[in-house]
Amino acid sequence: MFSKLKDLLIGPALPTQSIGHKQLNKIRALAAFSPDALASIAYANQEIYLGLVVAGSLGLSYAWPIGLGITSLLVIVALSYFQTIHGYPSGGGSYIVARTNLGTLPGLLAAAALLVDYLLNAAVSLTAGVAALASAFPELWPHRVAIALVLLLVITLVNLRGLQEAGTFMAVPVYIFLGSYLSMLVYGLIRLAIEGPTPLAAVAPPPIQPLTLFLILHTFSTGSTALTGVEAISNGVPAFQPPQAKNAGRTLMVMAVFMGLLFAGSIGLTQFLGVVAGPQETILSALARRLFDNGILYYVIQFATLGILTVAANTSFAGFPRLAAILARDGFLPRQFSSLGDRLAFTNGILLLGFFTAVLIVLFGGDTHALIPLFAIGAFLAFTLSQAGMVVHWWKERGQHWGLKSFINGIGALATLTTLVVVIISKFMQGAWITILLIPLIVLGFRQIFAHYIRVREELSLKGLPPSLKPVEPTRVVIPISGVHRGMVGAVNFARSISKNVTAVYVELEPGSGEKARLEWEAWWPDVPMVVVPSPYRSVVGPLLQFLDETDAQHNDGQLAAVVLPEFIPGKWWQTLLHNQSAWLIKAALLYHRNLGRERVVIDVPFHLHL
């Protein structure tokens, strides 16, 4: 049943030979790598508006200067990653660049920051997309969490099916978004030229707090989330058609131009047209409504916003599992994350991201504004470490124009570090402390996992192991039994085939039941002794372990008795719930019950029921 349901939802398993590497032209590559960056204007603009509207018209008048400041930062970051593309044409993710050039600890910091950034990007993108939809259909506003979870489930299933992000699935919403938003900006500029600017004092709500430097810095820090996703192209250079670095660099510049136009253009129109959002509406929805009223074009804009934000969330499902797989191969995450699933996708990473994204959406009530303070810290920390690593990279290589290249990346590192400090200071009490605490804890987890794998490797190593000259003693076998039935036959026959010293053990839960079991046992296997162990507290596992320890001590032959465990298996999965799983409990107890450094062999002999 489970197999059929799995095949229905995510499809049948694919052979490993089906893995293909499809290289992308610049048009498809822009669609594959830009959604996160392009979609960030939706929540970044909203945060700038929410940060300034509390100061009334005076506060809103600073939206355009703040937008220009963030756009200037975008130019610096884009130029820095342009350098990264040419420095690491094989793919220069922040983790790889930082670990290679700065050391393991900075690399792990970058990796932890990226994992947190991917997680928050998925939650923020989905909640922001639902907010855009609810702005057009206000009756959906109370159901934001449910709608976001449904979208999350769809994206998770799509990725579990192994669909590649570089296909039409990604391209259609991206280019619909670009076409609709660029057209809206052009139309808005025409309207602005004809009608002239609208004074903010005439439309802005009254101030509820004064405009302060801290308020401006706080707004700048929340608006800087517009830069998330800029690094995506530098991570995926091998996916481009040759010449890979050249095409990736050009695509990055085109993406940065689109980001700058959309971000600065939408903020400028919002300010100069005097756009103010209602209590259950995003600022971009208010801008579209101001230009198109409630016509069909307004709804096109809203669905385009939902589409790009949903696809932006999908980019986290591409990046998070890949980074987790790299970390797992390096020994910093459980090995399971490096394994491909049935559909040639990193299933464990996808499921983990989907689970924690759902937790965030539920905990924060589907509110993008509540999630934003946690956002951006991971991205800017990874930016800073990556660019600092590139400075070291160019200094070590000392190739052509290495000084200029180091200077560009150094400016990028300084700019992103300054922004990171501003973000931490301005958003610490609003929730940034959670991310600041979480990233070091993740790094500590990385190091503990790595240390565990080192210890396992050392204990499993054959190096220095002397040959054993001690003769091997005959195996002693113990068979735990719950009664005498057909399921015992195979276990007893197998035990007698490997040893002449076989003992059955019956744990007596009810007084008198042991004698009855002994009579039945002797009728079938009179040559195999049976021991009845009383259990005054009605436990099976404890008395059995005590018996094994005592009999091992009595024999003192340098070995632990092997346990042959009879177990009957029901024909249907649900029938398993009707039985007490004693065999499973005994196996678990035996495997984790340590005894003087010696190992106990546990052999399971199944008997399948045909029900």
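In this text, all values refer to a predicted model and were calculated from it rather than measured experimentally.
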Practice prompt. Under the side chain to side chain contact (heavy atoms under 4.5 Å, CB included) rule, what do Phe33 and Phe240 come out as? Steps first, then yes or no, please.
Written response: CA-CA 11 Å; Phe33 294 110; Phe240 284 79; 3.8 Å; yes

Which pair of non-hydrogen atoms, one from [X] and one from [Y], has the smallest distance, and what is that distance?
| X | Y | value |
| --- | --- | --- |
| Ala504 | Trp521 | CB-CZ2, 3.5 Å |
| Ala325 | Ser338 | O-CB, 3.8 Å |
| Thr100 | Ile96 | OG1-O, 2.7 Å |
| Glu508 | Gly512 | OE2-N, 3.1 Å |
| Thr435 | Gly378 | CG2-N, 4.5 Å |
| Val532 | Gly514 | CG2-O, 3.8 Å |

Just by modelled atom types, is the [Y] backbone N or O under 3.5 Å from a matching donor or acceptor in the [X] side chain?
| X | Y | result |
| --- | --- | --- |
| Asp330 | Phe332 | no |
| Lys427 | Ile372 | yes |
| Asn121 | Ala312 | yes |
| Thr551 | Leu548 | no |
| Trp433 | Leu374 | no |
| Ser499 | Thr475 | yes |

Item to complete: Please test Leu309 against Tyr43 for side chain to side chain contact (heavy atoms under 4.5 Å, CB included), starting from the C-alpha separation and ending with a verdict.
Response: CA-CA 10 Å; Leu309 285 164; Tyr43 43 82; 4.1 Å; yes

Taking the side chain as C-beta and beyond, is there a heavy-atom pair between [X] and [Y] under 4.5 Å?
| X | Y | answer |
| --- | --- | --- |
| Leu371 | Phe375 | no |
| Thr315 | Pro35 | yes |
| Pro334 | Ile449 | yes |
| Leu151 | Val130 | yes |
| Ile436 | Ile377 | yes |
| Leu545 | Leu590 | yes |

Do we see a donor-acceptor contact under 3.5 Å between the side chains of [X] and [Y]?
| X | Y | value |
| --- | --- | --- |
| Thr416 | Thr384 | yes |
| Ser386 | Tyr95 | no |
| Glu550 | Gln546 | yes |

Show the atom names and distances, to 0.1 Å, of all donor-acceptor pairs under 3.5 Å that link a side chain in residues 101-120 to residues at least two apart or in another chain.
unit_1	atom_1	unit_2	atom_2	d
Asn101	ND2	Tyr88	OH	2.7
Asn101	ND2	Val97	O	2.9
Asn101	ND2	Gly389	O	3.4

Worksheet item: Which pairs with one or both residues in residues 436-454 pass salt bridge (Lys or Arg N to Asp or Glu O under 4.0 Å), sequence neighbours excluded?
Response: none

Discussion item. Counting only heavy atoms not in Phe356 (residues, nucleotides, ligands), do more than 12 fall under 6.0 Å from its CZ?
Written reply: no

Non-neighbouring partners of [X] that pass salt bridge (Lys or Arg N to Asp or Glu O under 4.0 Å), sequence neighbours left out:
| X | answer |
| --- | --- |
| Glu515 | Arg518 |
| Asp604 | Lys587 |
| Arg144 | none |

Not counting sequence neighbours, which residues clear side-chain contact (heavy atoms from CB on, under 4.5 Å) with [X]? List them please.
| X | result |
| --- | --- |
| Val145 | Leu149, Ile361, Val362 |
| Asp527 | Arg496, Trp525 |
| Leu509 | Val507, Ser535, Val540 |

Worksheet item: Would Ser125 and Thr310 count as a side chain to side chain contact (heavy atoms under 4.5 Å, CB included) if you check the C-alpha gap in whole Å, the side-chain angles of each, and the deciding distance to 0.1 Å?
Response: CA-CA 6 Å; Ser125 296; Thr310 303; over 6 Å; no

Could you grab the distance from atom [atom1] of [X] to atom [atom2] of [Y], nearest 0.5 Å is fine?
| X | Y | atom1 | atom2 | value |
| --- | --- | --- | --- | --- |
| Leu591 | Arg600 | CG | CZ | 11.0 Å |
| Leu560 | His555 | CG | NE2 | 12.5 Å |
| Leu126 | Leu360 | CG | CG | 11.0 Å |
| Thr127 | Leu152 | OG1 | CG | 11.0 Å |
| Ile350 | Ile155 | CD1 | CD1 | 12.0 Å |
| Leu351 | Gln336 | CG | CD | 12.5 Å |

Cut-off 3.5 Å, no hydrogens considered: what does the side-chain donor-acceptor table look like for residues 450-462, sequence neighbours left out?
unit_1	atom_1	unit_2	atom_2	d
Tyr453	OH	Arg335	N	3.0
Ser461	OG	Lys463	N	3.1

Discussion item. I'd like to check the ring-ring contact (aromatic ring centres under 6.0 Å, His included) partners of Phe568; sequence neighbours left out, ordered by chain and number.
Written reply: His579

Practice prompt. List for me each residue that meets ring-ring contact (aromatic ring centres under 6.0 Å, His included) alongside Phe383, sequence neighbours excluded, and say none if there are none.
Written response: Tyr81, Phe380

Item to complete: Take Leu544 and Val533 through the side chain to side chain contact (heavy atoms under 4.5 Å, CB included) test and state the conclusion after the steps.
Response: CA-CA 8 Å; Leu544 175 62; Val533 177; over 6 Å; no

Item to complete: For residues Phe317 and Phe346, establish whether the separation of their ring centroids is below 6.0 Å.
Response: no

Can you give me every donor-acceptor pair (side chain of residues 476-490, partner residue at least two apart or in another chain, under 3.5 Å) with its distance?
unit_1	atom_1	unit_2	atom_2	d
Arg476	NE	Asp557	OD2	2.9
Arg476	NH1	Asp552	OD1	3.3
Arg476	NH2	Asp552	OD1	3.0
Arg476	NH2	Asp557	OD1	3.3
Arg476	NH2	Gln559	O	3.1
His485	ND1	Gly487	N	3.0

